[in-house]
There are 2 protein chains.
Amino acid sequence: MIIQLDMQSDVPIYNQLMNQIIEGIASGSLKPGDPLPSVRSMASDIGINLHTVNKAYTLLKQEGFIQIHRQKGVVIQPDTMPGITPEYQDKRNAYLKPIIAEAICRGLSEEQLLQIVRDMHNEITQTGEENV
Amino acid sequence: MIIQLDMQSDVPIYNQLMNQIIEGIASGSLKPGDPLPSVRSMASDIGINLHTVNKAYTLLKQEGFIQIHRQKGVVIQPDTMPGITPEYQDKRNAYLKPIIAEAICRGLSEEQLLQIVRDMHNEITQTGEENV
DNA sequence: GTAACTGTTATATATGTAGTATAACAGTTG
DNA sequence: CAACTGTTATACTACATATATAACAGTTAC
């Protein structure tokens, strides 16, 4: 699990970290039950503070993507991954709508937009295949 | 042009305002050359500060969605709308990737995801038709 | 038992962004 | 001249981000 952070980005570090772990799960490079580094080692590995990692882990735990045990440490959700909740749908649509609206303004056709989503979907699901 | 703001949202007000104007353009309820309220009247209409509106307008101007004239006031871009720039593509993909990754984790199939995009695309482009 | 690790909590600080408030300037319009 | 326009400057509050240091409670290995 290689974490790449952009310190110049307007996206908060804890958010980038969350996204990369979620992308790791989506790609299959992180499988249910797989361990994640401790907050301290992850923090020193990527050169950030302990609390920033802890914030990302805590939020991922709240959303159900990981489990945190005193004994086993932090592991990718081994049981059932979080499903399609109404809160998730609302949040997803809220984030998706402005992106689609801007794409329309800039002249992207519906089919072009769908192709971008297809490409990105394949890019994610095929990335992890090599690492199996 | 009815602006609906969510003061409890984690999305900044100036950002919500930008998004709604962009959605207005995408839906066709705001057409090239259409005037927008002055920063002061828009601010008092929706009950926020002058500078928050000004920030949204200034950013929309920088991206090319509106024009600001001393004489005519603020109008929707009457000439060519901003196109598909490399910066836009990078930003769009950066925002799109985490959404798709989370959808995959939560068990959405590629086709389900595409259908959501189709639905939202139609929802936006058909909303404005009534207001023509 | 002690040492080294785990997540967790508390506190403090620095920095940047968001939002408001007030004021003024320069240009346009009626 | 009066009333509007966008624009700029300044000041302030509030909050989020990120770091730093420290401690606590539990687990694991020697």
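Chain naming here is simple, since letters A, B, ... match the order of the sequence lines and numbering starts at 1 in each. Computed from a predicted structure; not experimentally measured.
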message: How many whole angstroms separate atom CG of B:L50 from atom P of D:dT5?
response: 10 Å

- request: For B:Y14, report the nucleic acid contact type (base, sugar-phosphate, nothing); a contact means any heavy atom under 4.0 Å.
  value: sugar-phosphate

- prompt: Any idea which heavy atoms bring A:I48 and A:M7 closest together, and the distance?
  reply: CG2-CE, 3.6 Å

- request: Run through A:E63, A:K61, A:Q62 and flag the one making a side-chain contact (heavy atoms from CB on, under 4.5 Å) with A:F65.
  value: A:E63

task: Over all heavy atoms of both residues, which pair between B:L5 and B:L17 is shortest? Give the atoms and the distance, please.
output: CD2-N, 4.3 Å

query: Less than 3.5 Å between a donor and an acceptor, one on the side chain of A:R40 and one on the base of C:dT8, is that the case here?
result: yes

- request: Can you tell me the distance, in whole Å, between the CG atom of B:L36 and the P atom of D:dC4?
  value: 19 Å

task: Any chance you could lay out the salt bridge (Lys or Arg N to Asp or Glu O under 4.0 Å) test for B:R106 and B:E102, step after step, and finish with the verdict?
output: CA-CA 6 Å; B:R106 289 181 182 268; B:E102 179 166 358; 3.0 Å; yes

- line: To the nearest angstrom, the OH-C1' distance between B:Y57 and D:dG6 comes to 11 Å

task: Please figure out whether B:S41 or A:T52 has its closest DNA chain D nucleotide nearer the 5' end.
output: B:S41

task: Report yes or no: is there a donor-acceptor pair, N or O only, under 3.5 Å between the side chain of B:H51 and the base of D:dT7?
output: no

message: Output the rounded distance in Å from CG (B:L59) to P (C:dG19).
response: 12 Å

- prompt: In whole angstrom, what separates B:K55's NZ from D:dT8's C1'?
  reply: 15 Å

- line: Looking only at D:dG6, C:dA21, D:dT7, the nucleotide nearest the B:N49 side chain is C:dA21

task: Run the salt-bridge test on A:E87 and A:R92 with the 4.0 Å N-O cut-off and return the result as yes or no.
output: no

field: Atom-to-atom span, CD1 of A:I68 to P of D:dT27 - whole angstrom
entry: 16 Å

- request: Select one nucleotide: of C:dG7, D:dG6, C:dT20, the one nearest the side-chain heavy atoms of B:I48.
  value: C:dT20

- line: B:N54 CG to D:dT8 P, in whole Å, measures 8 Å

- request: In whole angstrom, give the distance that lies between atom CD of A:Q8 and atom P of D:dT17.
  value: 18 Å

